[in-house]
Amino acid sequence: AGTVFKITSQGVLTTLHTFNFSDGDAPDAGLVQAADGSFYGTTANGGTYNAGTVFKVTPAGVFTTLHNFDVTDGSLVEAGLIQATDGNFYGATSAGGTGNWGTVFKITPGGALTTLYNFCLQANCPDGLAPHGLVQATDGNLYGTTGGGGAGCISGCGTIFRITTAGALTTLHDFDFTDGAFPSAALLQATDGKLYGTTLGGGNSCNGNVGCGTVFELNPVPSAVQFVPLTPCRVVDTRKADGTFGGP
């Protein structure tokens, strides 16, 4: 059912926790280390309802199940969590929820879960279906992709969306296959403020296939919000000859 492990740079591995289905199964996504020093993650399956879990594990291996998904609030948790600037964790489920095609949720460090958004409540899922991992941009909003749905092509080739921490969702882009299809990974925000990502299919033909995927960028600037691009840090050594520090 999977494990959580640590490994030194010399290759010495220690298993911190072994899942047993009842506490989760198939931890597909990576971990996030929170401000409290513990690690938080998800399992795709297992738990009380075999719909996935959210868990916490300390560096010493003390394990706690924070939430058992029950399908009504999501299932098949294939993406990891992010800890936002408000201290809470945010994530997405690929299935379950009211529309049966995934959710965006918030969970506190103590395990109180709130479903922020249910995908595919309308016919043909114009807002997308099967969302993947989230990223919090410097404007404070969360951004993500859906693996299908949207209005870009007949069967739905996926979307890029923005969602506030209060749950207000906006579709920013519908993939139409020519520019990519079926994004299956989280976005990242670069130092130029833009979001970058990949699609599993679509784009120009390659090797006789109909689209082998794309790499894309998106400028997420909301019309009513001043977007502040990331600025790389500059390290300044202010040590004096005697080893003390001085200057600004």
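Summarising the geometry of G180 relative to C157, their closest heavy-atom pair is O-CB, 4.4 Å, with the distance given to 0.1 Å. Between A51 and G74, the shortest heavy-atom contact is CB-O, 4.1 Å. Of all heavy-atom pairs spanning A92 and H132, the tightest one is CB-O, 3.4 Å. Closest non-hydrogen pair, D73 versus T103, comes out as O-OG1, 3.7 Å. Of all heavy-atom pairs spanning A1 and G24, the tightest one is CB-O, 4.0 Å. Heavy atoms only, all atoms of each residue included: T146 and P183 are closest at O-CG, 3.3 Å.
In this structure, Q136 contributes its side chain and T85 its backbone to a donor-acceptor pair below 3.5 Å. Formation of a donor-acceptor pair under 3.5 Å by the T15 side chain with backbone atoms of H17 is not found in this model. In this structure a side-chain-to-backbone donor-acceptor pair under 3.5 Å is missing from N141 to R162. In terms of modelled atom types and a separation under 3.5 Å, the side chain of Q189 and the main chain of T138 share a donor-acceptor contact. At distances below 3.5 Å, at least one donor-acceptor pair connects side-chain atoms of T43 with backbone N or O atoms of T53. Between the T199 side chain and the T214 main chain, a donor and an acceptor come within less than 3.5 Å of each other.
Using cut-offs of 30° and 60° for the angle between ring planes, the F63 and F55 rings count as parallel.
Around OH of Y196, the count of heavy atoms belonging to other residues, nucleotides or ligands within 6.0 Å exceeds 12. Within a 6.0 Å radius of OH in Y49, no more than 12 heavy atoms belonging to other residues, nucleotides or ligands are found. The local environment of CG in N124 is sparse, with at most 12 non-hydrogen atoms from other residues, nucleotides or ligands closer than 6.0 Å. Enclosure of atom CD1 in I154 is not indicated, since only 12 or fewer non-hydrogen atoms of other residues, nucleotides or ligands lie within 6.0 angstrom.
Residues N88 and P109 have side chains in contact (heavy-atom distance under 4.5 Å, counting atoms from C-beta outward). In this structure the side chain of L142 reaches within 4.5 angstrom of the side chain of I82, judged on heavy atoms. T98 has its side chain within reach of L121: a pair of non-hydrogen atoms, C-beta onward, lies under 4.5 Å apart. Put simply, the side chain of L81 reaches to within 4.5 Å of the side chain of T42, judged on heavy atoms.
Note that OG1 of T164 and CG of D139 are 10.5 Å apart. Values are rounded to the nearest 0.5 Å.
The hydrophobic clustering, which links ILVMFWY residues whose side-chain heavy atoms are closer than 4.5 Å, places L116 and F119 together. The hydrophobic cluster containing Y143 also contains F175, counting ILVMFWY residues as joined when their side-chain heavy atoms lie under 4.5 angstrom apart, directly or transitively.
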Discussion item. Let's go through F216 and D179 carefully: what are the C-alpha distance in whole Å and the side-chain angles of both, what is the deciding distance for side chain to side chain contact (heavy atoms under 4.5 Å, CB included) to 0.1 Å, and is it a yes or a no?
Written reply: CA-CA 8 Å; F216 63 84; D179 57 1; over 6 Å; no

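Aromatic pair F161/Y117: ring centres not closer than 6.0 Å.
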